[in-house]
Each structure stands twice: as structure tokens, then as C-alpha cells.
**Q** 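Sending over a structure as C-alpha cells; questions will come in a sec.
Order of the sequence lines fixes the chain letters, A, B, ..., with proteins taken first and strands second; residue numbering starts at 1 for each chain. Hydrogens, waters and symmetry mates play no part in the numbers below; they use all other heavy atoms, side chains included. In this text, all values refer to a predicted model and were calculated from it rather than measured experimentally.
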2 protein chains.
Amino acid sequence: MKRMEAAIQNLRASGGRITNARRSVLQALVTARTHVTAEDLLNIVQSESPEIHLSTVYRTLDALEKLGVVDHVHLGHGRAVYHLSDNAHQHIVCDKCSSVEEVPSELFLQLEKDLKDKYRFKVRMNHFAVIGTCSQCLEKLDKSELN
Amino acid sequence: MKRMEAAIQNLRASGGRITNARRSVLQALVTARTHVTAEDLLNIVQSESPEIHLSTVYRTLDALEKLGVVDHVHLGHGRAVYHLSDNAHQHIVCDKCSSVEEVPSELFLQLEKDLKDKYRFKVRMNHFAVIGTCSQCLEKLDKSELN
DNA sequence: ATCTTTGCAAACTTTTTGCACCAAT
DNA sequence: ATTGGTGCAAAAAGTTTGCAAAGAT
């Protein structure tokens with residue numbers, strides 16, 4: 001669990017304190033390893049430490065995000081999902097079934113470069129989701145159009 | 001105002017009714033012509049017809065969106081912005097100053113194609129925002145790093 | 001001892017919903 | 001006459017905040 005230790009060093013170095021709550025949230029993030037909502041994290045965390053409060057989860061995520069350890073993406077209907085920072089993938093989100101899939105970042109490299117070169121806009125990788133329709137839902141749609 | 005008439009036809013054809021509220025919201029969308037929040041629209045609309053309610057704006061936007069006349073994008077901090085459907089541009093949103101810029105869709109064509117071919121995922125153009133840092137904020141950051 | 005973090009409850013923001021009334025077709 | 005839309009008020013859903021007590025350094 002290198003990531004966990006690195007994050008803890010990071011927190012400490014920035015003058016933060018290492019508390020149970022923070023260790024739990026971090027642990028939960030490592031465990032989950034995918035896009036989880038604050039509430040998902042709360043559930044994981046509370047299965048061990050039921051006293052931990054949702055607002056603490058939010059505040060911890062905030063702190064970790066400021067350190068660059070965590071990122072969050074808004075998936076469209078309000079909820080945000082959080083995960084350990086990692087530039088290796090992006091999210092594609094189905095607007096029919098809300099499923100989230102990860103795709104390699106390389107698909108986005110050209111776009112990133114273009115926006116940089118032509119608009120001096122520095123994309124924050126991993127902080128946006130592409131909305132569309134996933135293969136399963138597309139199939140269902142095709143079938144229903146046959147009727 | 002072709003767009004407006006087309007939208008009205010569209011509404012009528014789908015069994016919808018043409019009311020003051022709907023005409024106003026549509027008019028406001030045409031007038032604004034950029035990304036506006038539901039509240040922005042409410043303000044525009046209420047300057048003429050103060051009795052129109054926010055929930056009506058939402059319901060109208062909903063109806064128009066189902067017809068494909070309107071689209072909305074979530075910009076990250078909760079608020080959604082709405083605009084007339086138009087595949088010609090995408091949004092890039094600054095995570096520092098929240099400014100929104102439009103960039104031509106062609107930049108996204110390759111990405112769209114890749115996601116289609118490799119993941120059978122059909123991107124819903126115009127329904128996602130790219131988050132990052134705009135040129136102005138980048139400049140400010142550069143300067144502050146010189147200190 | 002100091003300064004940060006926590007738990008809780010309450011506030012806030014944005015969007016949705018139930019319902020009785022009203023209006024467009 | 002029907003069916004769909006409106007205004008209002010209240011609820012939801014997700015997140016943030018103020019505060020006093022507890023905890024990490």
C-alpha cells in the first residue's frame with residue numbers, strides 16, 4: 001500500500017494530522033479502487049468505525065484533493081465520484097444506465113495537445129467524464145427500434 | 001428566428017402545448033445564445049412575465065431537451081447550464097475562474113470515433129465539459145510562481 | 001499548549017414533485 | 001371536454017458550515 005503511505009506523508013508534511021477518520025477514508029479509497037461517491041466511502045468506513053460522519057468524509061476528501069492525492073469527477077446527475085489520482089484513465093459514463101467505464105488516457109492525448117496548443121487551455125486530466133450511451137444500452141435501443 | 005419556430009413546431013407535433021411560459025423560455029434561450037443556468041433563464045423570463053415560476057422553467061427545459069431542442073451540461077459545481085442544441089461546439093471550463101469557452105467540435109471527432117470503434121460507446125456530443133485551467137489563470141499561476 | 005479535526009445539527013443550493021387550478025387544443 | 005401545463009409550497013439530494021468538544025503534534 002505505497003499509495004497510502006505516500007498520502008500520509010503528504011498530509012503530515014503539509015501540516016495536517018493523521019487521524020482515524022483520515023486513515024479510514026484513505027483505506028476505503030484504496031480498497032474501492034474505483035469511482036466511489038462520498039456515500040459509498042461513508043458506508044465502507046462506517047462498517048469499521050460507525051462514528052465517522054459524512055461531513056468528515058467530505059472534509060477528508062477535500063484535504064486529500066488539495067494535496068493532489070484524490071480527484072473527483074461529476075457524473076452529471078449531481079453526485080460526484082472520487083478516486084485516487086491517476087492519469088492513466090478517463091471515464092465514460094452512460095446517460096441511460098449510469099454505468100461508468102474506464103478508458104486509457106492515450107485516447108485523449110491529441111485532444112489535450114490541441115487544447116493546449118490552440119487555446120492555451122491545460123486540461124485537468126481525470127477530472128471530466130464523457131457522457132454518452134454505452135454498448136449495452138445501444139443494443140437495447142437497437143432492438144426496441146425493430147419493433 | 002427559425003430555431004424558435006422549429007422548436008414550436010416540434011413541441012406541437014409531439015402533442016405539447018404552446019404556452020406563454022414555453023414561448024418565453026424559448027425566447028430567452030434564443031436571446032441568451034450561450035450557456036445559461038436555469039436561474040439565468042428565470043431572470044430573463046421574469047423581466048417580462050414575473051409570474052413564471054422556476055419550476056416551470058425546469059419543466060420547460062426538460063420538455064425541450066426530450067425533443068432534442070435543448071441540451072445541458074454540468075459544469076462541475078452543481079449548476080447545470082442549458083443552451084439550444086448545436087453540435088458545433090464543446091465547452092472547456094476553467095476550474096480556477098469558472099469561465100466557459102467554446103471550442104469547435106472537430107477537435108473531438110477523433111476521440112468520438114475512437115470511443116465508437118474501440119468501445120462501442122456513442123458520445124453524446126455537447127453534453128460534456130472539459131475541465132482544466134484557462135490561459136488567463138495559467139498566466140497568473142506562472143507569475144505567482146516567479147515570486 | 002496549540003492548532004487541527006471531528007461529530008453533530010442545521011443551513012444551503014439546485015432540482016424535483018404533488019396537487020389543485022388553469023389553459024390550449 | 002380533454003389532456004397537458006402552471007404556480008405554489010414542500011421535499012429531495014448532495015454538499016457545506018458553525019460550533020463546541022476531542023485529538024494530534
**Q** Minimum heavy-atom separation for B:Leu111 to A:Leu107, with atom names?
**A** CD1-O, 3.8 Å
**Q** Once you round it to whole Å, what is the distance between C1' of D:dA24 and CZ of A:Arg23?
**A** 11 Å
**Q** Residues two or more places apart in sequence or in another chain: which of them pass salt bridge (charged side-chain N to carboxylate O under 4.0 Å, His left out) with B:Lys113?
**A** B:Asp117
**Q** B:Ile8: which residues meet the side-chain contact (heavy atoms from CB on, under 4.5 Å) condition with it, sequence neighbours left out?
**A** B:Met4, B:Arg12, B:Ile18, B:Arg23, B:Leu26
**Q** Under 3.5 Å, is there a donor-acceptor pair between the A:Asn43 and A:Glu39 side chains?
**A** no
**Q** For the pair made of NE2 in B:His72 and C1' in C:dT14, what is the distance, rounded to whole Å?
**A** 12 Å
**Q** Taking it one step at a time, do B:Leu29 and B:Leu64 satisfy side-chain contact (heavy atoms from CB on, under 4.5 Å)?
**A** CA-CA 11 Å; B:Leu29 275 165; B:Leu64 293 174; 4.2 Å; yes
**Q** If the helix axis at each end comes from five base pairs, how far does the helix from C:dA1-D:dT25 to C:dT25-D:dA1 deviate from straight, to 10°?
**A** 30°
**Q** Apply side-chain contact (heavy atoms from CB on, under 4.5 Å) to residues A:Asp71 and A:His83 and explain how you reach the verdict.
**A** CA-CA 6 Å; A:Asp71 249 310; A:His83 54 77; 3.9 Å; yes
**Q** Please determine whether side-chain contact (heavy atoms from CB on, under 4.5 Å) holds for the pair A:Asp114 and A:Gln110, giving the CA-CA distance in whole Å, both sets of side-chain angles, and the decisive distance to 0.1 Å.
**A** CA-CA 6 Å; A:Asp114 285 348; A:Gln110 186 59 48; 3.0 Å; yes
**Q** Would a single hydrophobic cluster contain both A:Leu84 and A:Val57, if residues Ile, Leu, Val, Met, Phe, Trp and Tyr are joined by side-chain heavy-atom contacts under 4.5 Å?
**A** yes
**Q** Measure CG/B:Leu26 against P/D:dG5 and give the value in whole Å, please.
**A** 14 Å
**Q** Contacts to DNA chain D from residues 36-52 of chain A, heavy-atom cutoff under 4.0 Å, which residues?
**A** none
**Q** Given side-chain contact (heavy atoms from CB on, under 4.5 Å), test A:Thr19 with A:Arg22 step by step and report yes or no.
**A** CA-CA 5 Å; A:Thr19 63; A:Arg22 288 176 164 191; 3.4 Å; yes
**Q** Summarise how protein sits on nucleotides 16-25 of chain C as a single string, 5' to 3': B when a protein heavy atom is under 4.0 Å from the base, S for sugar-phosphate-only contact, - for no contact.
**A** BBB----BBS
**Q** How would you list, by chain and number, every residue that makes a side-chain contact (heavy atoms from CB on, under 4.5 Å) with A:Ser135, sequence neighbours excluded?
**A** B:Arg120
**Q** For the pair made of CD in B:Glu65 and C1' in C:dT15, what is the distance, rounded to whole Å?
**A** 13 Å
